[in-house]
Amino acid sequence: MPELPEVETIKRSLAINKGARISRIEVIRPDIIRIRDFEPEAVHGLTINSFRRRGKYLIISLDERESHILVHMGMSGRFYMQEDQYEANEKHVHFIIYLDNGRKMVFQDPRRFGGIWLLRNPDTIICKLGKEPLNREFCSAYLKSIVKDRRIAIKTLILDQNLISGIGNIYADEALFLARIRPDRTAGSLSDEEAVRLCRAIKRVLRQGIEKRGTTFRDYRDGNNNRGGFQEHLQVYGREGEECPVCNSRIVRKRIGGRSSHYCVTCQK
DNA sequence: CTGGATTCCTGCTTGC
DNA sequence: TGCAAGCAGGAATCCA
């Protein structure tokens, strides 16, 4: 599930295509395009100015103002480069951007929870997103302000993309473990000290995730179609029944807000 | 406000 | 071995 560290890793690997010109776009599944401010043919011949990331969105901006391609990987989406002569005959390829540098960028997504946006103004999507967790603006004071008086589970709150953008199920569980806070705690019940811990834990776990080039639990691949490495460092996610790395008690799994959540009943209070 | 259910979808796992 | 059912989940949306 590409979350912030995965999309950041994809973005970094794709950056070598900055300055390349789009020779052609192939739309295999038209319904993968969620918003179509312009037709795909309209960007043929345009140059890629930048690859950026906001939350879990990858933003490809072109030299002609008001031409942006947004990619969201959803659950199982991949966005990777391939040499042009290499035939992409894989399943579930929905969208391909051919470049003039001998490469193409392929969007592949079996479950199709992901999508592509062709936007004049990316702010129409981006402006709804909450703070970037690795930016300064995401601080314990902000976290305290959003948990205040909220009765939802703290895990549900940090997964809310309108409050904090980029955290998904894996990094939510890992951050709460690091902060020693149970995921089903009511957000408003967090002490100031716990909010500070959680804020730090979120930043730490996301930075580690980026450092290890993301988590390949099942589907995720980076922009070179390579696996990530952070799955080797997961403390609780996907480890139900295994020993807690800190206290050796069994890690439990429980559904919270419709998501399976992994935590240690001894370490997390 | 909040939690829960539902929808989208395929592939993997489980049970018979 | 084969088949069907169950499950997983990011985000939007509806309902109680």
Side-chain angles (χ1 to χ4, degrees), chain A residues 1-10 28-35 53-59 70-79 90-95 106-117 119 122 124-133 145-176 182-190 202 206 209 214-221 227-228 231 234 236-241 251-263:
Chain A
M1 309 144 237
E3 308 177 22
L4 186 153
E6 288 73 34
V7 182
E8 180 67 25
T9 303
I10 291 172
I28 296 134
R29 267 202 85 102
D31 62 357
I32 210 72
I33 300 178
R34 301 304 163 85
I35 296 178
R53 180 196 58 75
R54 180 77 170 83
K56 302 177 190 174
Y57 287 87
L58 175 70
I59 307 166
L70 270 63
V71 185
H72 193 293
M73 257 54 81
M75 264 288 294
S76 57
R78 296 176 182 175
F79 193 69
E90 289 184 66
K91 275 186 172 180
H92 310 299
V93 170
H94 308 309
F95 188 90
V106 178
F107 180 68
Q108 181 185 28
D109 184 11
R111 266 161 274 189
R112 275 186 273 149
F113 284 5
I116 306 268
W117 286 254
L119 299 177
T124 55
I125 299 290
I126 296 312
C127 68
K128 297 168 189 158
L129 295 176
K131 295 203 188 303
E132 276 292 320
S145 76
I146 59 174
V147 300
K148 191 172 187 299
D149 298 332
R150 294 296 303 273
R151 295 182 180 192
I152 57 170
I154 184 61
K155 172 167 177 181
T156 307
L157 182 131
I158 64 173
L159 284 173
D160 186 341
Q161 303 300 304
N162 302 309
L163 298 175
I164 312 168
S165 57
I167 301 175
N169 208 31
I170 295 174
Y171 293 96
D173 280 1
E174 294 298 312
L176 286 160
R182 276 178 66 117
D184 55 358
R185 277 270 300 284
T186 295
S189 75
L190 264 63
I202 287 169
L206 292 174
T215 305
T216 298
F217 203 72
R218 177 165 294 172
D219 300 299
Y220 167 71
R221 296 294 185 279
R227 301 166 65 90
Q231 65 278 4
L234 295 176
V236 287
Y237 185 85
R239 303 191 61 233
E240 180 190 14
I251 289 163
V252 301
R253 183 161 74 113
K254 179 188 173 189
R255 288 192 85 77
I256 299 166
R259 326 268 156 151
S260 65
S261 306
H262 314 72
Y263 59 98

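Each chain gets a letter, A, B and so on, in the order the sequences are listed, and its residues count up from 1. In this text, all values refer to a predicted model and were calculated from it rather than measured experimentally.
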- Message: Using the side-chain contact (heavy atoms from CB on, under 4.5 Å) definition, which of the options A:R239, A:K254, A:R253 pairs with A:H262?
- Response: A:R253
- Message: Nearest whole Å is fine: how far is C:dA8 C1' from A:R112 CZ?
- Response: 17 Å
- Quick one: A:I164 CD1 to C:dG10 C1', roughly how many Å, whole number? 16 Å
- Phosphate oxygens OP1/OP2 of C:dG10: is one of them under 4.0 Å from a side-chain N or O of A:R259? yes
- Euclidean distance, atom CD1 of residue A:I158 to atom P of C:dA11 [Å, nearest integer]: 13 Å
- Message: Please report the distance, rounded to the nearest Å, between CZ in A:R29 and P in B:dC8.
- Response: 13 Å
- When you check the phosphate oxygens OP1 and OP2 of C:dG9, does a side-chain N or O of A:S260 lie under 4.0 Å from one of them? yes
- Message: Quick check on C:dA11: is either OP1 or OP2 less than 4.0 Å from any side-chain nitrogen or oxygen of A:K56?
- Response: yes
- Task: Test A:R185 against every option in A:I256, A:L176, A:L190 by the side-chain contact (heavy atoms from CB on, under 4.5 Å) rule and name the one that passes.
- Result: A:L190
- Query: A:T156 near the nucleic acid: base, sugar-phosphate alone, or nothing, with a heavy-atom cut-off under 4.0 Å?
  - Reply: nothing
- Check whether any side-chain nitrogen or oxygen of A:R150 sits under 4.0 Å from OP1 or OP2 of B:dT2, and answer yes or no. yes
- Message: Distance check needed: C:dG9 P versus A:M73 CE, whole Å only.
- Response: 19 Å
- Message: Let's see if you can work this out: which of B:dC12, C:dA11, B:dG3 has an atom nearest to the side-chain heavy atoms of A:H72?
- Response: C:dA11
- Query: Looking for any heavy atom pair under 4.0 Å, which part of the strands does A:R255 touch: base, sugar-phosphate only, or nothing?
  - Reply: sugar-phosphate
- Quick one: is B:dC9 close enough that its OP1 or OP2 comes under 4.0 Å of any side-chain N or O from A:H92? no
- Query: Separation of A:I125 atom CD1 from C:dA12 atom C1', in whole Å?
  - Reply: 12 Å
- Query: Counting just side-chain N and O atoms, does A:Q161 come under 4.0 Å of either OP1 or OP2 of C:dA11?
  - Reply: yes
- Would you mind classifying the nucleic acid contact of A:Y237 as base, sugar-phosphate or nothing, using non-hydrogen atoms under 4.0 angstrom? sugar-phosphate
- Task: Check the angle between the aromatic planes of A:F107 and A:F79 and answer parallel, tilted or perpendicular using the 30° and 60° thresholds.
- Result: tilted
- Note on the structure: Taking for A:F113 and for A:D149 the nucleotide of DNA chain B with the nearest heavy atom, the one nearer the 5' end belongs to A:D149
- Task: State plainly whether the residues A:R111 and A:D219 are in salt-bridge range, i.e. N to O under 4.0 Å.
- Result: yes
- Item | Nucleotide C:dA8, atom P - distance to CG of A:D219 in whole Å | 15 Å
- Task: For the residue pair A:Y171 and A:T215, confirm or rule out a side-chain donor-acceptor distance under 3.5 Å.
- Result: yes
- Whole-Å distance between C:dA8 C1' and A:N169 CG? 10 Å
